[in-house]
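Accompanying notes for the structure given below.
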Amino acid sequence: MAAHNRSVPTPASDDAFAEVKAKVDLVKIVQEYVRLTKRNKDFWGLCPFHQEDSPSFHVNPQRQSWYCFGCERKGDVFTFVELVEKTDKRGALQLLAERAGVELKKLSPEQKERADSRRRLLAMLKLAAQYYEYVLWSTPAGEKGRRLLAEREVDEAIARRFQLGYSPAGLGFAEYLRAKKRSLADAQDAGLLRRDGNDFFAERLVIPIRDERGQPLAFTARTVRTDEQRKYINSPETPAYVKGRVIFGLDLARDEIARRGHAVLMEGQFDVIAAHKAGIQNTVASSGTALTDDQVRLLKRFTDEVLLVFDADRAGRQAAQKAVLLAAAHQMRTRVATVTGAKDPDEFLRAAGADAAKQWEELAAKAPTGFEFGMEDAAAGLNLSNANHVELAARRLREWIAQFPATLQEDYRERAKRWMGVSGHLLAAEPDERRSMSRQAVSGAGMNGLESVQAGKKVTVGRYLLQLLAVRPVAFDRVRTKITPDELDEEDRGIYIRMLETYERGGASGLEMEMAGYPAEEQDLIRRAWAAPPPNVDEEVAVELAERIRLDHMRGRHSGIIRELSEAERGKDAERVARLEAEARELFRAIIDMERRG
Ligand SMILES: [Zn+2]
């Protein structure tokens, strides 16, 4: 018998996924987290991913797939474990492989060597963090570090939470390693020692950069000397640490992020420390770089919304806009808070003293959405009663909007129009900015199984759904829970209602019996669908079509409300404005939610 291999599989392990999937039973895995009840062949339970009182979480054992009718999350056993364990695909594979006793693909000697060296580095980094922390609090050499913390108003309790430490001058760490009979070479590889054995971070306050599970991967270190040019230095990249993949403070913030439903992203480590001290414990920082793709992906495992806090200067505003776009590309919602009257959040929170949490709440409450933030920035310094300025602002807004995912652009144009009070054509997309096709035509993007429908054929989503229902009436069971007839276009509504009634009376074979009583053009549509069925008549596709129709309907309603709102504003009808604004906001949120899940 081969030994059980616990190391992470190589990237090219599609086989491993297939093998593990074949050996585990989704129902059993889900049952470890959710109480399931069997109904016919399927299982139902309370969804672990959203709050609910009646079960809408559905597991299909034949297909080994799950779907929640409430929050519309879905997937297979890997997706389930990913979400429920807040891990990634590899992590899910690892967990499931262990549970199922599946041996993951053997690593090559090279890969094994790399994995071993990474393990050694991680152990060394952990040891270093402990050593620095000990020096800071328990030795005379730590005095300089303690003084710096006192200046920064960081008390011992909060410093220990972040495991701050102090690296003394000289050969302190090397001697410590020798005494413990540990490898100096490993410490050099981990970026902790210079070639001469001197401590890399000598005479600096050391801040561990830990992963989301609390394992130190690197350090950033601030000098305590006034004559030192380089205020901060960072660990080099190592097999254990890739810059731009770690989020500082995530290990401490993750529970609070889940509880509050959003993360607060700041720039500096001391900002995060001050925030946690002030009780804003869902705060993290993108460490060492501007926010990266990998960091957004990591954050998205914990939340869909992030409040960005950047410095109020130009560089800060630009960084904020980049972060907004990056987050939007990953379907994350953003808001942007600007700290005023202080150079950074650390200073702001310290100046507020005991009042910090309250002042922070006020600041956060005022934060515009990421889109609005960029919109305000585009028009900053311009006089919108001057025609030239209006044109310039409109051009900047067009550019801003064009950088968002296509699904958001139409709504953003609507909002920009309303906000600026300019006529529509100024904000209409330029031909080269136009990425999305006509809203009513079926576009392949994002619609499973629909790629084969050419937009050129002008099959509307509604028509496609009707054809599908004609061929596969049982799909009504799902579709009717998704949409109401009034969400369909007028021309599709009549036949939809008729077919639904037929199905309710006569089941799957009802249509053949009752069709003779249908208007001629409806009979025609049904016959043609039977003769040449649409490319995919899967129930999942039916559900997607229904959701798409629903979304279009919501977007239409939203635009309508926005129009009505302008009217109400002109009429100075404050009560109606407030009501419409609330309605628009709610609807917009629902739209974003749907788009996110789609
Ligand atoms: Zn759910």
Side-chain angles (χ1 to χ4, degrees), residues 21 24-89 91-92 95-96 254-263 282 297 299-306 330-333 407 446-449 475-484 487 538-551 553-554 586-598:
K21 198 168 182 175
V24 297
D25 179 12
L26 174 63
V27 176
K28 288 218 180 77
I29 300 292
V30 171
Q31 273 170 334
E32 292 180 19
Y33 304 90
V34 181
R35 204 158 54 83
L36 291 176
T37 320
K38 194 164 184 194
R39 223 189 283 161
N40 296 326
K41 288 177 191 159
D42 298 344
F43 292 83
W44 295 81
L46 292 177
C47 176
F49 308 122
H50 83 275
Q51 282 290 329
E52 64 177 6
D53 301 322
S54 60
S56 54
F57 184 83
H58 169 230
V59 180
N60 182 330
Q62 273 85 44
R63 288 203 198 167
Q64 290 286 300
S65 69
W66 59 274
Y67 180 82
C68 173
F69 288 88
C71 65
E72 303 182 13
R73 287 184 175 86
K74 60 186 167 190
D76 62 5
V77 68
F78 294 111
T79 335
F80 180 80
V81 171
E82 249 182 272
L83 284 170
V84 83
E85 289 289 345
K86 294 199 166 50
T87 178
D88 55 11
K89 205 172 173 198
L95 269 165
L96 287 170
R254 54 188 289 176
D255 291 345
E256 189 70 1
I257 289 172
R259 206 178 67 75
R260 294 208 200 185
H262 75 277
N282 53 338
R297 222 170 282 133
L299 212 48
K300 200 175 155 65
R301 269 169 37 198
F302 300 90
T303 183
D304 288 318
E305 186 174 330
V306 54
H330 289 273
Q331 287 89 46
M332 280 185 91
R333 295 184 300 274
T407 46
M447 300 197 69
N448 276 339
F476 264 122
D477 287 339
R478 301 273 305 272
V479 169
R480 68 181 162 190
T481 66
K482 291 279 151 199
I483 49 170
T484 57
E487 286 171 322
D538 203 274
E539 277 177 43
E540 296 294 332
V541 172
V543 168
E544 277 177 41
L545 291 166
E547 283 170 351
R548 177 69 175 265
I549 287 164
R550 176 122 207 265
L551 188 58
H553 180 76
M554 282 160 71
E586 196 173 306
L587 196 52
F588 182 66
R589 237 176 250 139
I591 290 171
I592 295 287
D593 265 9
M594 269 196 94
E595 286 176 343
R596 184 164 49 80
R597 290 192 302 256

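As a basis for the values below, the full set of heavy atoms in this structure was taken, side chains included, without hydrogen atoms, waters or symmetry mates. Remember, it's 1-based here, ligands and their atoms both numbered in the order they're listed.
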_Closer than 2.8 Å to the Zn ion (ligand 1): how many protein N, O or S atoms are there?_
4
*Is it true that atom CD of E586 has more than 12 heavy atoms of other residues, nucleotides or ligands lying nearer than 6.0 Å?*
no
*Looking only at non-hydrogen atoms, find the nearest pair between R478 and T481 and report the distance.*
O-OG1, 2.6 Å
_ring-ring contact (aromatic ring centres under 6.0 Å, His included) involving Y67 - partner list, sequence neighbours excluded_ = F69
*For R550, does its backbone N or O pair with a side-chain atom of E487 as donor and acceptor, under 3.5 Å?*
no
*asked:* Is there a side chain to side chain contact (heavy atoms under 4.5 Å, CB included) between Q331 and K300? Walk through the geometry before answering.
replied: CA-CA 9 Å; Q331 287 89 46; K300 200 175 155 65; 4.2 Å; yes
*asked:* Regarding E547 and K482, does a basic nitrogen lie under 4.0 Å from an acidic carboxylate oxygen?
replied: yes
